[in-house]
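What you see below is based on every heavy atom in this structure, not just the backbone, and it leaves out hydrogens, waters and symmetry mates.
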2 protein chains.
Amino acid sequence: MTIRPAAEADHTPIIAIVAPVLAAGETYAIDTNLDEAAVVAYWFMPAHEVFVAELDNEIVGTYYLQHNQRGGGAHVANCGYMTAPNARGKGIAKAMCLHSLERARERGFRAIQFNHVVSTNTGAVALWQKLGFRIVGTLPKAFKHPVHGYVDSYVMFQSLVD
Amino acid sequence: MTIRPAAEADHTPIIAIVAPVLAAGETYAIDTNLDEAAVVAYWFMPAHEVFVAELDNEIVGTYYLQHNQRGGGAHVANCGYMTAPNARGKGIAKAMCLHSLERARERGFRAIQFNHVVSTNTGAVALWQKLGFRIVGTLPKAFKHPVHGYVDSYVMFQSLVD
């Protein structure tokens, strides 16, 4: 697997991964009715540094890294990861997360924070915990899941310094 | 005291309140070097519904109300409040917060979340707690305070439904 910065030529395969996840509305607190241009505008917003994961010359995952806040909060990064449905179970999310930890350190960030990990996304929660993230907050019924209704979300955090 | 929606004519007094608070960099995780146009662009960003508090025909406070997230998170509001330094101790922040709770209910929000309450801002933390907010998460050293260095921030939350 290769992880590299995304290029404009990657927009179409990235849309193919990101758009269905947003439309499903089960894991990201983002509008579910975005058209392709809006999906690109969201995933490639100016603050986002976007990467893709390639396997056998096919893009099977993508993630972004950004400042979570500005000013006094600018030393904490934030990321979002997505894996192509047909490429699950191959360690792609894990590889992207490890890559992002390294990239965040390289850019001088002192921590990574996830603001809104939906509690029903148990696979993701377990994976982030395995990779060193802690649940530092629970947002009660902060996410309206299309199947499960109002469910908790977690704030997850990992320090990158001693 | 009157609390009413902000108008364009209020930009100058609002800048006079907001700009010094952002420049001080002690309480908001926002760039500290914003010029007046950028301050207005931030405080009046399209998603923000902005209000002002008036006392004796003078604007002594301002706050915004917005969606904290989109999609499945769009039922949770987020607010930011600022009081003019020369008007502190008059219950203006409290009045604005109570107003925002009512306004959020009126708009159908089911909760209000503060994402980043700097722990050294003890007056604000105590006031929000008194008004029904709970600390639901602690972000370790997530804020670089210009005097105190890296300090914790809190995620605070109040449900508006039973």
Notebook entry, point to check: Above 12 or not: heavy atoms from other molecules or residues under 6.0 Å from CD of A/Q129?
Noted result: yes
Note to self: Check for me, please, whether A/V117 and A/L98 land in the same ILVMFWY cluster - side-chain distances under 4.5 Å, paths through other members count.
What the structure shows: yes
Notebook entry, point to check: Under a 4.5 Å heavy-atom cut-off, does chain B meet the side chain of A/A142, its backbone, both or neither?
Noted result: both
Margin query: Using a 4.5 angstrom heavy-atom cutoff, name the option from A/G137, A/G73, A/P140 with the most pairs to chain B.
Written below: A/P140
Notebook entry, point to check: Do B/F114 and B/F157 sit in the same hydrophobic cluster, where Ile, Leu, Val, Met, Phe, Trp and Tyr count as joined when their side-chain heavy atoms come under 4.5 Å apart?
Noted result: no
Margin query: Measuring from atom OH of B/Y42 to atom CZ of A/R70, what distance do you get when rounded to the nearest 0.5 angstrom?
Written below: 12.0 Å
Item checked: Trace of the ring pair (Phe, Tyr, Trp, His ring centres under 6.0 Å) decision for A/H75 with B/F143 -> CA-CA 8 Å; A/H75 60 286; B/F143 191 79; 8.0 Å; no
Checklist line | Heavy-atom proximity to chain B below 4.5 Å, by part of A/Y154 | finding: neither
Check: Hey, any chance A/I112 and A/M45 share a hydrophobic cluster, counting ILVMFWY side chains that come within less than 4.5 Å of each other, even indirectly?
Finding: no
Next item on the list: Identify which of B/V155, B/T138, B/N33 forms the greatest number of heavy-atom pairs closer than 4.5 Å to chain A.
Entry: B/T138
Item checked: Contact leader toward chain B among A/V118, A/V151, A/V161, A/L139, where contacts are heavy-atom pairs under 4.5 Å -> A/L139
Next item on the list: Verify the cluster assignment for A/I92 and A/L101: are they in a single hydrophobic cluster under the rule of side-chain heavy atoms below 4.5 Å apart?
Entry: yes
Margin query: Tell me whether the count of non-hydrogen atoms from other residues, nucleotides or ligands lying under 6.0 Å of CD in B/E8 goes above 12.
Written below: no
Item checked: Proximal component of A/V136, with respect to chain B [non-hydrogen, under 4.5 Å] -> both
Donor-acceptor list for residues 15-32 of chain B side chains, cut-off 3.5 Å, not counting sequence neighbours:
residue	atom	partner	partner atom	Å
B/Y28	OH	B/Y81	N	2.9
B/Y28	OH	B/Y81	O	2.9

Checklist line | Heavy-atom pairs under 4.5 Å with chain B, option from A/H116, A/R134, A/H145, A/R110 with the top count | finding: A/R110
